[in-house]
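I have placed the structure first, in the form of structure tokens, so that the comments after it can refer back to it.
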Amino acid sequence: MNNYKKYTKQFFLPPERCMDWAEKSMIESAPVWCSVDLRDGNQSLVEPMDLQTKIEFFKLLVRIGFKEIEVGFPAASETEYAFMRALIDGGLIPDDVTVQVLTQAREHIIKRTFEAVKGAKNVIVHVYNSTSVAQREQVFGKDRQAIKKIAVDGARLLKQLAEQEGARYRFEYSPESFTGTEPEYALEVCNAVLDVWQPSAERKAIINLPATVENAMPHVYAQQVEYMNKHLKYRDGVVLSLHPHNDRGCGVAAAETGLLAGADRMEGTLFGNGERTGNVDIITLAMNMYSQGVDPGLDFSDMPAITQSYKMYTGMPVSPRQPYAGELVFAAFSGSHQDAIAKGMAFRERTNRQIWDVPYLPIDPKDVGREYESDVIRINSQSGKGGVGYVMQTAFGINMPRAMKEDMGYKVKHVSDVTHSELKPADIYEVFKNNYLQNRPVFDITECHFRQIDGIEACVSLSHGGKVTQVISKGNGRLDAVSNALKAYFGKEYTLSCYEQHALTQGSRSKAISYVGVEADGRMFFGAGVDDDIIKSSYKALVSAVNNMLKA
């Protein structure tokens, strides 16, 4: 890594201060979205999509809510051309959806593109040529005037062909490699193109500013965009569009600051798929707006299904840490995180909270089709009592006493440590069942009868060591009487220090669950019992707790 001196900045700041965007704190309305998944996201695949797959992907984009979809570069290959014709001839383009096609500013390519879109109702013809210093010098060997002429000639041919066909196609122009172009020159070229098209508020043209290679920090792009926004001619008749890439990993930030700088439209892809490090991720952009109370106009309410379809169509993975969509983005394994989430959810329910401000969760996972039980609180050896307690309560209706949650937390940690694995809710319930509900390694109570004689008398049938013994004892209540019988039989003193109960299920046949904690020799031992009869559930919990004590 000693060759850094061969790199230098390859971007240009505007010739005037353009920092109005920095005074804004948030994006207040969604841009016009244009998906370029079927072009940028397709040409970047090792194995490009076949015709049927592209059709299915197109249908997915329509369902999500995209009203502008760039379907490809129809002059580039027969597959691309056939796809365009399949959409048109098959009547697959809804009336409220505009298809966009890309073409270089070259005569034969433009003419082939017009052949491909013939008969389509709503079309954007997107023409481009590269304007950057590096491309002018190294690729084309042309000066500024020659490069501008390419753009103007292309724009003129678009207008001529549209008029010949009597079509009201919309036009888009991109100075490719905009971020490597001097802003004042990019403006000159774009305004020359607009002079040809003469756009109006009724028939707007699109000027698209691609960060074909992201080569600067996001605030630089924002200044470049603001400069164009302030100085483009026919501004009321222009839709200012952005097409950020992600070479520096700042695509989303650049897009957001660009919108603050005055852009009206955003081109991007699902999950940021595209050449090299990809395009800007429209899902992240849209959901960022959603998380601040802005309707993005796109529907990601079934994110798992969208993710699965995307992976199937493209063969590309989705990172488990992908914002809003990754398998683990809502998952909390840390004990302190789990505790905060559990308390936040409880507070929300208790206070009927309308706004969403649960700790560690920027949005409600249910809004994108995720479940609290399986997606939010994830249990492994890093988890704590709060997370375990939350899973037990939400998945099974079991609300353990605080001290018992801690005890259960340690037992779950131990299982995860030994198995080196995450525990699902069913696994956690097994730990609860084996340690508190059904553990009878030493003894059990097969029958128990009560009489009211100077308090409560309990006749306990106690199964221990292969035989059943009846023990009679008194107490100030039923549970106390059974507890005294156990103390007398085993000759072991303990304190009944924890007792709670609640209904486990709703309805007339609801079951009760009881929790009992006993203290002996400075240690706490817990048990739980479930039964239709609250008294039976209580002494079952006591039996479990005392078994844990005797086993220890």
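- Classification of the F114-Y169 ring pair by plane angle, with boundaries at 30° and 60°, yields tilted.
- Cation-pi geometry between R136 and Y185 is satisfied (NZ or CZ under 6.0 Å from the ring centre, within 45° of the ring normal).
- Using a cut-off of 4.0 Å between Lys/Arg side-chain N and Asp/Glu carboxylate O, K111 and E107 are scored as salt-bridged.
- Looking at residues two or more places apart in sequence or on another chain, you find no salt bridge (Lys or Arg N to Asp or Glu O under 4.0 Å) involving D143.
- Ion pair K230/D20 flagged as a salt bridge, since at least one NZ, NE, NH1 or NH2 atom sits closer than 4.0 Å to an Asp/Glu carboxylate oxygen.
- For S301, the side chain to side chain donor-acceptor pair (under 3.5 Å) partners at least two apart in sequence or on another chain are D299.
- Residue pairs satisfying the salt bridge (Lys or Arg N to Asp or Glu O under 4.0 Å) criterion with at least one member in residues 57-69, sequence neighbours excluded, are listed as follows: E56-K59, K67-D96, E68-R170, E68-R265.
- Proximity of a side-chain donor or acceptor of T277 to a complementary backbone N or O of D247 within less than 3.5 Å is detected.
- A salt bridge links R144 to E182: one of the charged nitrogens lies within less than 4.0 Å of a carboxylate oxygen.
- Taking the six-membered ring where tryptophan is involved, the planes of F73 and Y128 are perpendicular, since the angle between them exceeds 60° and thus also 30°.
- Between K343 and D339 there is a salt bridge, with a side-chain nitrogen of the basic residue lying less than 4.0 Å from a carboxylate oxygen of the acidic one.
- A salt bridge between R39 and E70 is present, with a side-chain N of the basic residue lying under 4.0 Å from a carboxylate O of the acidic one.
- R248 approaches A216 most closely through the heavy-atom pair NE-O, 3.2 Å.
- The aromatic rings of Y310 and F271 are tilted relative to each other, their planes meeting at an angle between 30° and 60°.
- Heavy atoms from other residues, nucleotides or ligands lying under 6.0 Å from NZ of K149 number 12 at most.
- A 4.5 Å side-chain heavy-atom check between V189 and I147 finds every atom pair outside the cut-off.
- The pair K54-E80 meets the salt-bridge criterion, since a charged nitrogen lies less than 4.0 angstrom from a carboxylate oxygen.
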Practice task
For the pair Y324 and F300, evaluate ring-ring contact (aromatic ring centres under 6.0 Å, His included) and give the outcome as yes or no after the intermediate values.
Solution key: CA-CA 10 Å; Y324 302 106; F300 295 112; 9.3 Å; no
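- At least one donor-acceptor pair closer than 3.5 Å links the side chain of K9 to the backbone N or O of F11.
- A salt bridge links R353 to D357: one of the charged nitrogens lies within less than 4.0 Å of a carboxylate oxygen.
- Of the residues listed (M266, H243, E267, E172), the one engaging C34 in a side-chain contact (heavy atoms from CB on, under 4.5 Å) is E267, and it is the only one.
- Counted within 6.0 Å of CD on E16, heavy atoms from surrounding residues, nucleotides or ligands total more than 12; the atom is thus considered enclosed.
- The shortest distance between side-chain heavy atoms of V127 and F171 does not fall below 4.5 Å.
- In terms of modelled atom types and a separation under 3.5 Å, the side chain of N129 and the main chain of I150 share no donor-acceptor contact.
- A cation-pi contact links R112 to Y81, judged by a cut-off of 6.0 Å to the six-membered ring centre and 45° from its axis.
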Problem - Evaluation steps, salt bridge (charged side-chain N to carboxylate O under 4.0 Å, His left out), between R156 and D153 - result: CA-CA 5 Å; R156 190 174 288 118; D153 288 348; 3.3 Å; yes
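- For Q164, the CD atom sits in a packed shell: over 12 heavy atoms of surrounding residues, nucleotides or ligands are nearer than 6.0 Å.
- Checked by atom type and distance alone, the side chain of T181 pairs as donor or acceptor with a backbone atom of S132 at under 3.5 Å.
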